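Read the structure below first, then the notes.
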Amino acid sequence: MKILPVGERALLIELEDLESVLGLYAEIEQRRKGGWHHDIVDVVPAARTILLDGISDPDAAATELTGWKRFRAFPTEGPLVELETIYDGDDLHNVAKICNLSPSELIAAHGGVTFMSAFCGFSPGFTYLSGLPDELQVPRLNNPRPSVPAGAVALADEFCAVYPRSSPGGWQIIGHTETSVWDSSKDPPTLLQPGTRVRFVRATS
Amino acid sequence: MREILVLRSGPLTTIQDLGRSGLAHLGVPPSGALDRPALLLGNRLVGNPNDAAVLEVTFSSFSFRALTDCVVAVTGARVQLSLDERQEAWAMPIVMRREQVLEFSLPTAGVRTYVAFNGGIEMSSDLGSRSTDLLSSLGPEPVRDGQVLALGESFGVAPLVDFAPYPEPTDQIRLNLRLGPRENYFTESALVDLATKSWQVSSMSNRIALRLEGPHLTRRDQRELKSEGIVTGSVQVPHDGLPLIFLADHPTTAGYPVIGVVGPDDVAACAQAAPGTRVSFQVIPER
């Protein structure tokens with residue numbers, strides 16, 4: 001664990017891998033419920049880092065963090081959401097080719113994964129789903145699309161995601177779901193809260 | 001019903017309050033008034049709580065008609081104000097009677113002018129705030145000519161004020177910058193440039209970031225950085241080497257290295273830095 005300074009009131013914790021991030025994130029959230037640095041405004045996990053923002057005494061928090069010996073394991077028994085998916089994405093064939101699979105093999109492999117909602121970023125409700133096996137990992141597009149429709153199911157690097165709203169995007173699109181994963185009038189606004197398990201089920205129509 | 005009628009809104013006028021803090025883990029930007037001290041002063045001058053919603057007028061003249069008696073304060077970028085063609089004071093409470101028209105000129109200094117009304121602007125909130133977020137399309141649409149805005153009930157008597165101190169925007173700003181978290185991604189000479197050279201505010205700046213033109217900061221470490229959480233005031237350096245300073249509508253995570261972070265007071269100065277303003281950094285070493 002490496003702790004980097006971020007301005008006057010924030011810290012960036014850098015970790016080895018996503019698992020460590022999620023474990024430490026769960027630990028921080030648990031301790032915050034017990035009053036640990038109650039003035040923290042935001043805790044933002046990402047692929048290899050956790051940002052703590054709005055702490056009045058970041059140095060004290062940094063010292064305490066380095067003293068924590070064992071972290072909680074990220075809860076793996078969160079609620080399960082099944083997303084009915086139509087595998088008709090523009091990049092389906094390209095992704096299958098990169099993975100050395102036929103499109104139907106790719107669809108079967110993707111549908112066989114139980115993903116874990118790990119963290120959000122990029123735009124409201126854009127949730128990085130972890131658990132993508134190595135053999136299904138593909139790079140981002142060289143040229144991002146100016147507009148990706150809401151509901152697009154896409155892959156990039158070690159993650160899968162469902163575009164919560166129409167936005168620009170550089171992930172490879174393999175399909176889409178009609179289920180809305182983001183509604184800012186709801187609490188929580190995202191269907192895929194971190195800790196939620198997610199499975200993609202091929203639509204039977 | 002307390003209301004005002006917007007007559008001339010200019011190219012970009014939005015409703016802003018203190019924003020949506022505490023939702024960054026869902027990818028929701030902080031948003032809110034870009035010049036926070038100006039929002040707070042405006043609300044205080046009309047007797048509102050800090051989080052009442054105000055108008056943020058972007059580098060433009062502006063006018064509205066009061067459809068009710070109300071108290072108004074105009075803060076932020078310096079403007080010439082007139083109420084029914086009689087001059088009124090900037091950054092002071094102004095008592096308006098029904099049917100009177102308040103107008104102001106293009107700013108003589110600064111970029112963003114705030115108009116606070118006693119009772120605040122009443123508007124349904126989106127994720128706990130009435131702020132328009134231009135990056136994420138959250139909150140109300142920008143304000144249009146002819147739009148009627150509802151005001152809340154007055155919070156009571158506005159304070160009696162003779163003078164309200166407020167920093168005057170200038171044509172050059174020096175920002176306190178703390179190095180980190182990713183200064184190691186840059187060459188020694190980039191760090192020297194950061195502390196000794198100056199940049200100019202680009203006209204491409206917006207509520208998301210203050211973009212700078214000038215010396216390019218060169219990277220030592222070309223490794224891709226995985227996207228990581230960023231704070232308001234982060235100075236990020238994309239591939240082209242030109243630094244940008246993230247403001248209220250910044251994305252919650254970003255994938256280019258952040259060389260340093262400027263403080264909250266300096267973020268307000270950035271919000272008022274017009275294109276062409278000279279920007280330099282007072283570099284504070286790491287804690």
Side-chain angles (χ1 to χ4, degrees), chain A residues 2-14 18 21 25 28-29 40-54 58-59 62 119-128 139-140 156-159 161 164-167 170 182-190 192-194, chain B residues 18-31 124-129 133 135-139 176-185 224-235 246 249 251-255 257-267 284-287:
Chain A
K2 212 161 123 188
I3 299 179
L4 304 166
V6 180
E8 309 274 342
R9 295 198 293 228
L11 292 174
L12 188 70
I13 309 162
E14 196 171 29
L18 181 63
V21 167
Y25 178 60
I28 289 170
E29 288 301 282
I40 293 177
V41 177
D42 279 301
V43 181
V44 190
R48 296 291 179 272
T49 55
I50 301 173
L51 174 77
L52 303 183
D53 189 14
D59 293 342
F119 58 89
C120 299
F122 173 59
S123 73
F126 190 94
T127 308
Y128 291 72
R140 262 158 233 257
D157 305 327
E158 58 191 304
F159 299 107
R165 307 178 314 157
S166 171
S167 72
W182 173 261
D183 180 349
S184 67
S185 68
K186 288 195 177 139
D187 184 21
T190 174
L192 311 177
Q193 284 250 82
Chain B
L18 289 174
R20 308 180 171 80
S21 63
L23 296 175
H25 63 289
L26 297 178
V28 177
S31 195
S124 57
S125 62
D126 195 1
L127 293 172
S129 164
D133 178 336
L135 176 75
S136 303
S137 314
L138 294 170
N176 288 306
L177 174 136
R178 257 181 207 281
L179 285 179
R182 299 293 179 189
E183 79 280 22
N184 292 340
Y185 274 64
E224 286 290 317
L225 196 61
K226 285 185 189 284
S227 289
E228 56 193 28
I230 54 168
V231 301
T232 305
S234 291
V235 180
F246 277 121
D249 285 358
T252 55
T253 58
V258 169
I259 194 166
V261 176
V262 303
D265 293 347
D266 290 332
V267 169
I284 305 164
E286 274 190 24
R287 286 191 293 266

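As the structure is a prediction and not an experimental result, all values here were calculated from the model. A note on names: the letters A, B, ... follow the listed sequences, proteins ahead of strands, and every chain is numbered from 1.
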Phe122(A) to Thr253(B) - nearest heavy-atom pair and separation: N-OG1, 3.1 Å
Heavy-atom side-chain contact between Ser184(A) and Leu138(B) under 4.5 Å: yes
Residue part contacting chain B, namely of Val41(A), when any heavy atom lies under 4.5 Å: both
Residue Pro264(B) versus chain A: region with a heavy atom under 4.5 Å: side chain
Residue, of Val262(B), Val261(B), Leu26(B), that accumulates the most heavy atom pairs under 4.5 Å with chain A: Leu26(B)
Listed partners of Lys186(A) passing side chain to side chain donor-acceptor pair (under 3.5 Å), at least two apart: none
Among the listed options Gly260(B), Ser125(B), Ser124(B), Ser136(B), the residue most often paired with chain A at heavy-atom distances under 4.5 Å: Ser136(B)
Side chain, backbone, both or neither of Glu158(A) within contact of chain B (heavy atoms, under 4.5 Å): side chain
Taking every non-hydrogen atom, the tightest pair across Leu12(A) and Gly229(B): CD1-O, 4.2 Å
Closest contact, heavy atoms only, Thr49(A) versus Ser227(B): OG1-O, 4.5 Å
Options Ser185(A), Gly54(A), Ser123(A), ranked by heavy-atom pairs under 4.5 Å with chain B, top entry: Ser123(A)
Nearest atoms (heavy-atom pairs only) where Cys120(A) meets His25(B): CB-O, 3.2 Å
Within-4.5 Å side-chain heavy-atom neighbours: Leu51(A) and Ile230(B): no
Salt bridge flag under 4.0 Å for residues Arg48(A) and Glu228(B): no
Beyond-backbone contact of Pro124(A) with Ser137(B), side-chain heavy atoms, under 4.5 angstrom: no
Asp53(A) side-chain N/O to Val231(B) backbone N/O, donor-acceptor pair under 3.5 Å: no
Proximal component of Leu225(B), with respect to chain A [non-hydrogen, under 4.5 Å]: neither
Interchain contact, Leu23(B) with chain A, by part (heavy-atom threshold 4.5 Å): backbone
Passing option when Pro181(B) is tested against Leu4(A), Ile13(A), Ile3(A), Leu11(A) for side-chain contact (heavy atoms from CB on, under 4.5 Å): Leu4(A)
With sequence neighbours excluded, residues passing ring pair (Phe, Tyr, Trp, His ring centres under 6.0 Å) with Tyr185(B): none
Lys226(B) bridged to Glu14(A) by N-O distance under 4.0 Å: no
Side-chain donor/acceptor of Thr252(B) to backbone N/O of Gly121(A), under 3.5 Å: no
